[in-house]
Colleague: 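I'd like to ask you about the structure that follows.
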There are 2 protein chains.
Amino acid sequence: MADGRGTSSHSGENLLFLTDEQLRQAIEAMFFAYRGFTADPDRILVDMAYGRAHHRAIHFINRAPGTTVNNLLGLLGVTKQSLNRVLRTLIADGLVESQVGKSDKRERHLYLTEAGRALEQTLSDAQRVRMRSAFREAGPEAVAGFRSVLETMMDPEMRHSYQRLKENSG
Amino acid sequence: MADGRGTSSHSGENLLFLTDEQLRQAIEAMFFAYRGFTADPDRILVDMAYGRAHHRAIHFINRAPGTTVNNLLGLLGVTKQSLNRVLRTLIADGLVESQVGKSDKRERHLYLTEAGRALEQTLSDAQRVRMRSAFREAGPEAVAGFRSVLETMMDPEMRHSYQRLKENSG
DNA sequence: GAGTTTACGTCAGCCTTGTTGACTTTCCAA
DNA sequence: TTGGAAAGTCAACAAGGCTGACGTAAACTC
């Protein structure tokens, strides 16, 4: 593992893409790419009183309208206190609406308001511009590989959430 | 752009992978995957008094031994005050060594100590385990696509840093 | 019907990691 | 020799994580 090889080559395959050096490069690629990934929406958010946490909440509420607070906690992977702070400001600012559940009145169902949808559109447009040009440049096969690796990299629980969101949104 | 299409299809190509829905899914994949990407080293770091910022500093000092503080600032994309706080603790704990430059004595050249290298190894081993199994599962073509998309997603400046690191380390 | 669990909100306090601004020391270069 | 770049330090602050404790209402269970 420390000899520069990803694995002992007990098969005939070419496993050079699994060497430690290749993996190190991939780790750096993830780091640098994620910076690019968040850069554009971040620039928009600083002008408002919001941060990346607000963006994430808005993204998933838009993606799963009517989601409960508990469900959102699972998607975001933060504590309820942390989410609540963000949600409170979004509700106070009229970007998110909280509705008491009909069947279960303990639950709050979350929806974006018109203003919330507008901000979501602005942010995701900005983020998609970069994604789209990267995808176009890299081509369909590369994109398929990109998504395949990302999916296998997730924790199983996250992968499950990811798949459910995919299915519920075409 | 808001009609669910990534682009008007003025060519004969199949551009379905550029639809807004596909891009949204990719955005979510990046978010969930990055969580997985950082999860393993994070678990190790909480037991020590360190965080992700320390990990990043250690990673790049290991990767580019003798790098200057200024150079490291560019790689990490933070302020010198923020980096300095991290660096100070690493130096105090004997994981990083700071050497005054020979030609330019204003510069500080940074190196990992033996203990620093040991921690780096522990952290990157943990991170590579997940990477390696994801790569193995997805296969070489997928990995090539993965890296290609990540590279085109970086800001040009970051891409340049990334390429230089690659060249200087085989 | 009483007791327990669940969902949510909130207060208080803490930590990491980012920021700006001001200031000093060192030292290179015009 | 003087201006400015590089490095470091101090102070103050903010975002956004965290834990722990507590309260309320609703739902569930026995």
Colleague: Transitively linked via ILVMFWY side-chain contacts under 4.5 Å: A:L73 with A:L112?
Modeller: yes
Colleague: Tell me if the aromatic rings of A:F146 and B:F17 count as close, with their centers under 6.0 Å from one another.
Modeller: no
Colleague: Please identify which of these residues, A:E114, A:Q121, A:E120, meets the side-chain hydrogen bond (donor to acceptor under 3.5 Å, both in side chains) condition with A:R117.
Modeller: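 It is A:E114, the one option of A:E114, A:Q121, A:E120 that forms the side-chain hydrogen bond (donor to acceptor under 3.5 Å, both in side chains) with A:R117.
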Colleague: For a 4.0 angstrom threshold against heavy atoms of chain B, report the outermost contacting nucleotides of DNA chain D in 5' to 3' order.
Modeller: D:dA5 to D:dC10
Colleague: Would you please classify the geometry between the A:F37 ring and the A:Y34 ring as parallel, tilted or perpendicular, with 30° and 60° separating the classes?
Modeller: tilted
Colleague: Does the side chain of B:F135 reach to within under 4.5 Å of the side chain of A:T152, using non-hydrogen atoms?
Modeller: no
Colleague: Sugar-phosphate means primed atoms, P, OP1 and OP2; the rest is base. With that split, encode nucleotides 15-20 of chain C 5' to 3' as B, S or - using protein heavy atoms under 4.0 Å.
Modeller: -SBBBB
Colleague: Contacts to DNA chain D from residues 95-111 of chain A, heavy-atom cutoff under 4.0 Å, which residues?
Modeller: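 Result for residues 95-111 of chain A: A:S103, A:D104, A:K105, A:R106, sorted by number.
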Colleague: Quick one, B:H160 and B:M154 - any side-chain contact, counting heavy atoms below 4.5 Å?
Modeller: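 Of all side-chain heavy-atom pairs linking B:M154 with B:H160, none is under 4.5 Å.
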Colleague: Does C:dC8 have its OP1 or OP2 closer than 4.0 Å to a side-chain nitrogen or oxygen of A:N70?
Modeller: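 Result: yes.
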Colleague: Just wondering, do A:H54 and A:D93 contact through their side chains at under 4.5 Å, heavy atoms?
Modeller: no
Colleague: Please report the closest heavy-atom contact between B:L75 and A:F31, naming both atoms and the distance.
Modeller: O-CE2, 3.7 Å
Colleague: Where the side chain of B:S148 meets the backbone of A:A138, is there a donor-acceptor pair that is under 3.5 Å apart?
Modeller: no
Colleague: For the residue pair A:V69 and A:K80, establish whether any side-chain heavy-atom pair is separated by less than 4.5 Å.
Modeller: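 Of all side-chain heavy-atom pairs linking A:K80 with A:V69, none is under 4.5 Å.
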